[in-house]
Amino acid sequence: MTSRTLLALLTALMLTGPSRLLAQSSQFGARALGLPVLPQSVRGQGIGGGLAMFDAEGSLNPASFGGIRITTASFNIRQYWRTSESPFGTAEGNDTQFPLVIVGAPVGRRWSIAVSVSALLDRTFALATVDTVVLRDEPVEVNDTLTSRGGISDARVAVAYRVSNRVVAGLGVHLLTGVNRLEYRRSFADSNYASVRLRNELSTAAPGVSFGVIAEPTANLRLAGLLRFDADLRINLDSTRIANQSMPMTLAGGASWSPSRRLMLAGHVLHRNWSVADEEIRERGGPGAVNTLEAAGGVEWVRSRTNPFRLPIRAGLRYAELPFPVVEGRNAHELSASLGTGLRFSGGRGSLDLAIERAWRSDGGAYRERSFLFAVGIGVRP
Amino acid sequence: MTRVAWLAALVLVLAGCEDDLTVPGGCPEFCPGGQPQVRDTILLANPGSDSSFFGYVSRDRIPSLLVSDGLAAGETRAWVRFPGRSDTVNVGGTWYPYVIDSIAVELSLQARDTTLGDLTLYYYRLPADVDTLISFDELDQLLIESALVDSLQIPDSVRQGALRKVFIGEALDRLAVPPADSGVLALGLRMRAAGPSGLRLTAPAGGLGQNFVTYLRAGNEDSTAQTITLNVQTNGYVRNNGDGPFDPDLLYLGWLPSARSFIRFTLPDSLLDRTIQILRATLELTPAAPYTGLPGDPPQIEVRGLVRDLGAKSTPSLFVRSASTLPQEGVDVLQVDVRGIVELWRLGIDFPSTLVAALAPEGASFHQPVFHSSRSAGGTPRLRITYLIPARVEQP
């Protein structure tokens with residue numbers, strides 16, 4: 001099987017395969033467009049997201065895979081366990097997600113191409129509410145459940161061009177697409193009232209484009225930059241256009257420094273002007289949106305100089321502001337700490353990366369969440 | 001290879017985990033798109049379009065016999081008539097006269113007032129030509145001491161089931177059938193209890209039969225023992241307060257011959273909108289007289305929709321019915337949930353928005369409810385609909 005054949009097969013798999021290409025469920029994803037997701041590999045996750053701008057198996061920066069020399073396909077599996085707290089109670093939950101599939105291949109000496117599908121915003125949640133309403137002059141207890149599955153995925157075709165031995169530039173063409181299936185159920189303690197079950201399907205679509213660059217000014221220092229624009233998101237309810245949603249511009253910069261052959265430090269800062277969506281979200285009754293800044297940094301320590309892919313130790317921290325507050329005026333954020341490792345086998349043709357992450361989310365008030373993540377990344381290099 | 005196996009196992013374990021997404025929520029913070037609104041509306045019956053029709057269950061098709069004594073709901077008496085019994089029996093191809101050893105009359109108890117004891121059923125001999133034309137007064141005058149055959153004490157523990165009375169000795173003489181009656185035996189029934197009460201007996205149309213069993217010995221040399229069992233031929237009951245007069249401006253359910261009431265509504269366009277969800281639809285009927293019947297034996301009000309509205313002979317829908325138990329007493333508004341029927345009206349198929357109400361068991365209840373109609377000064381039949389307008393949860 002040639003590299004091109006494999007690439008075609010995996011691309012087809014991505015387009016027809018996992019439907020739950022999402023990140024984690026969270027109460028902080030219940031408002032507006034949901035919870036933002038950083039499209040990174042499990043290796044990058046182990047470094048706390050610090051490697052995202054340089055991550056050849058991530059899809060943030062279209063220049064990041066410019067250095068690959070062999071066709072590479074990888075996908076991630078993430079298992080979350082979380083505890084959510086709010087004024088309405090505390091609950092524990094878990095979910096399994098598949099947030100990233102990517103295939104990249106070199107084309108000639110200078111070009112590379114990558115196709116990826118990743119989660120951009122996750123709107124998977126289930127909210128259970130107990131309330132009492134007055135029906136026919138009598139108080140009746142009601143149980144409401146609003147379940148949402150889906151979100152917005154980012155399908156990207158990107159090309160990277162090696163300008164010189166020290167500079168790689170990339171261009172990504174994006175299609176934001178997603179399906180959000182909502183189900184609302186209401187049951188009444190008084191069985192004389194019929195239960196309610198409503199289903200809606202929300203679909204979204206928008207094109208986008210991203211430009212990225214990675215430069216290596218010195219032998220052990222790499223710098224990266226990213227600029228991304230997305231057109232207005234078209235939101236359809238069961239094939240009927242209900243809204244056009246402005247999407248933010250993304251601006252990011254990163255650095256990677258390797259003081260020795262066994263140690264690498266990497267980090268990035270990313271900004272999105274989500275406030276462009278604020279007014280439209282408020283007009284639809286939402287709590288608005290705020291600009292966000294995130295910063296991540298981490299380290300990878302190679303234990304064996306002769307076999308750098310054998311169980312390196314990775315660690316990192318990431319802080320990110322969340323664009324959609326649960327309560328208007330209370331901006332939420334998340335802080336996560338990660339550890340990871342990995343190995344290659346079968347002569348380097350297969351790879352397995354593992355990461356664990358502890359995350360804390362809060363809006364500074366009564367809404368808090370703690371989550372634990374276990375991620376597995378599988379890579380194939382035929 | 002071992003690594004690949006471990007990898008495969010890990011992937012399977014993770015992929016097989018079951019999601020548990022639910023967290024507690026509340027509004028407005030966790031109600032994206034707002035809360036659904038619940039509204040209540042009352043539709044009055046179309047003026048002048050509600051009416052009652054009689055004759056759905058006739059006197060010879062009743063499912064039960066009613067017998068009472070001093071009951072406020074009404075005095076009732078019942079009768080049964082068996083077909084003619086042959087005066088010979090066949091033994092070995094030869095017909096012989098016979099000698100009666102005993103006779104059993106089998107009836108079946110459907111309901112009684114279980115709060116009262118000392119329930120006794122009395123059997124009276126009636127003329128063989130008794131039929132459904134007999135009036136209450138006529139039958140009551142026949143149930144006199146001289147016609148009494150015997151009685152059956154019904155134990156307090158018996159609430160339903162077979163009532164078997166065996167007649168022997170002198171009672172047999174009172175059950176002798178003269179040749180002029182062609183072997184036909186007719187019995188009248190009345191009852192007594194520790195207080196005003198009543199009971200309901202199964203009539204053949206309602207299921208179990210009533211039997212007249214004769215145990216005899218044939219007049220041959222061996223006096224062969226035989227049994228003649230005759231199922232009831234006809235039966236009925238009469239009551240002292242069931243013949244009207246009937247006010248055309250009121251709605252009647254039950255009675256005998258039985259009445260059904262047709263009530264018509266017009267559903268507004270706002271309720272025909274398929275996006276709204278009907279939570280409850282209740283037909284409310286205001287009684288024009290206090291409910292009264294046999295304690296512990298309330299009938300049900302059955303309400304159906306119609307396939308076609310052709311007046312009294314309309315075809316009721318067989319698949320969707322609603323029912324509610326009639327209050328034992330009082331003057332409370334009767335409520336019957338008819339959401340399933342109203343949903344039929346919203347289907348867009350040409351179902352008429354008409355409800356037909358009937359009593360069950362029809363033609364066999366001590367209750368004879370009467371309700372106000374749209375022509376009454378007050379208490380017009382109404383349809384109370386509680387519905388939900390969904391929130392715009394679909395919009396982020």
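To find a chain, count down the sequence lines: A is the first, B the second, and so on, and within it residues start at 1.
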**Item:** Under 4.5 Å from any heavy atom of chain A - which part of Arg384(B)
**Value:** both
**Asked** Hey, what do you get for CG (Leu388(B)) to OH (Tyr184(A)), rounding to the nearest 0.5 Å?
**Response** 5.5 Å
**Prompt:** When you look at CZ of Arg197(A), are more than 12 heavy atoms from neighbouring residues, nucleotides or ligands closer to it than 6.0 Å?
**Reply:** yes
**Neighbour count above 12 (heavy atom, 6.0 Å) for Arg282(A) CZ** = yes
**Item:** Candidate pair Arg186(A) and Val38(B), rule side-chain contact (heavy atoms from CB on, under 4.5 Å), full reasoning
**Value:** CA-CA 12 Å; Arg186(A) 168 170 279 192; Val38(B) 177; 3.6 Å; yes
**Request:** Tell me, for Arg136(A) versus chain B, whether the close heavy atoms (under 4.5 Å) come from the side chain, the backbone, both or neither.
**Result:** both
**Request:** Please report the shortest heavy-atom distance between Leu198(A) and Pro390(B), naming the atom on each side.
**Result:** CD1-CB, 3.3 Å
**Prompt:** Quick one: what part of Glu328(A) sits under 4.5 Å from any heavy atom of chain B, side chain, backbone, both or neither?
**Reply:** neither
**Prompt:** Between Asp40(B) and Leu135(A), does a side-chain contact (heavy atoms from CB on, under 4.5 Å) hold up when you go through it step by step?
**Reply:** CA-CA 8 Å; Asp40(B) 210 20; Leu135(A) 298 175; over 6 Å; no
**Message:** Counting only heavy atoms from other residues, nucleotides and ligands, does the tally under 6.0 Å from CD of Gln328(B) exceed 12?
**Reply:** yes
**Complete:** When the 4.5 angstrom heavy-atom criterion is applied to Thr204(A) and chain B, the contacting part is neither
**Request:** Check each atom of Phe324(A) against the heavy atoms of chain B and say whether the ones under 4.5 Å are side chain, backbone, both or neither.
**Result:** neither
**Prompt:** Under 6.0 Å from the CD atom of Gln300(B), do we count more than 12 heavy atoms belonging to anything else shown?
**Reply:** yes
